There are 2 protein chains.
Amino acid sequence: MDSEDLTGAQLLAAFAALANPHRLRIIAALADGRQYVSLLARQLGMSRPLLHMHLQKLQAAGLVSGELELSEDGKAVKYFEATEFSLHVTPHAIKGLAPTLPEPADNGKETD
Amino acid sequence: MDSEDLTGAQLLAAFAALANPHRLRIIAALADGRQYVSLLARQLGMSRPLLHMHLQKLQAAGLVSGELELSEDGKAVKYFEATEFSLHVTPHAIKGLAPTLPEPADNGKETD
DNA sequence: GACACGTGTAAGAATATTCTTACACCAGAT
DNA sequence: ATCTGGTGTAAGAATATTCTTACACGTGTC
């Protein structure tokens, strides 16, 4: 996940995902290592459905990844971890990606 | 404008400012050099009040700067240029700034 | 069976953002 | 005086995002 390899639309999604204090805290909490959703919600003091929504957005932007596992006592547990992204953002870098930005009217839809 | 020197709240404002295709295009357009508002609006195909709003947000985040000048024929002309920011964003960098993030309930108000 | 603890998701309210339209001001040229 | 071309800003509509509440399912334990 290097900023060099991204399209404008992907970089935009990353910025949108990062533009929220909850989600920055989530990344901070996952920077050390992985954690499962319910415990993470308790650690961050937010409701589990809310955390779920934020994790979806972070995952869609490629900033975290999650995998469902089975714990020893049979429960399904979903662990998330931060991906090792590295975005180097400068005016020049943005200029390079501008041609691949979606039109403001666009809804990011593919040729459907 | 180096990501090392920012607080969490400032980084958050920068991400929020970058999370919009119009604003990324504005930065791209200003990466080469400065331009005044009305012409920039025509180049980007957006209304001047809308551009004005986006420029305010970018300026508040420190990503562009503007200065009002007097042209030779007496008109007030406001030029904007991209600041030379450089944000290096990684999970570890975010973790370092997390303690200075605003509370989600916060409205970013100072001790007023 | 009821409880505890994990998962996911949907509906609707509450907020925040984005965008248009309409206004006001200033200065030079016709 | 009116037109052109710069500036700024306010009000309200249209969208998008955020958040809560309430539901559903599965498994191990009391």
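Values in this document were obtained by computation on a predicted structure and should not be read as measured data. Numbered from 1 within each chain, the chains take letters A, B, ... in sequence-line order.
Between A:N20 and D:dT18 there is a side-chain N or O to OP1 or OP2 distance below 4.0 Å.
Near DNA chain D, meaning a heavy atom under 4.0 Å away, the residues from residues 36-63 of chain B are B:Y36, B:V37, B:S38, B:R42, B:R48, B:P49, B:H52. Taking every heavy atom of residues 70-82 of chain A and every atom of DNA chain D, pairs under 4.0 Å involve A:D73, A:G74, by number.
Residue pairs meeting the side-chain hydrogen bond (donor to acceptor under 3.5 Å, both in side chains) criterion with at least one partner in residues 59-82 of chain B, sequence neighbours excluded, are B:R34-B:E69, B:S71-B:D73, B:D73-B:K75. Applying the salt bridge (charged side-chain N to carboxylate O under 4.0 Å, His left out) test to residues at least two apart or on different chains, none of the pairs has a partner in residues 40-58 of chain A. Among residues at least two apart or in separate chains, side-chain hydrogen bond (donor to acceptor under 3.5 Å, both in side chains) pairs with a member in residues 84-99 of chain A are A:S86-B:H88, A:H88-B:S86, A:K95-B:D32.
Partners of A:A60 under the side chain to side chain contact (heavy atoms under 4.5 Å, CB included) rule, at least two apart in sequence or in another chain, do not exist in this structure. Residues meeting the side chain to side chain donor-acceptor pair (under 3.5 Å) test with B:H52, sequence neighbours left out: none. Applying the side chain to side chain contact (heavy atoms under 4.5 Å, CB included) rule to B:A14 yields the partners B:L87; only residues at least two apart in sequence or on another chain are considered. Under the side chain to side chain contact (heavy atoms under 4.5 Å, CB included) criterion, B:A16 pairs with A:A19, not counting sequence neighbours.
At least one donor-acceptor pair under 3.5 Å links the side chain of A:N20 to the backbone N or O of A:R23.
A straight line from CD of B:E67 to P of D:dG6 spans 18 Å, rounded to a whole angstrom.
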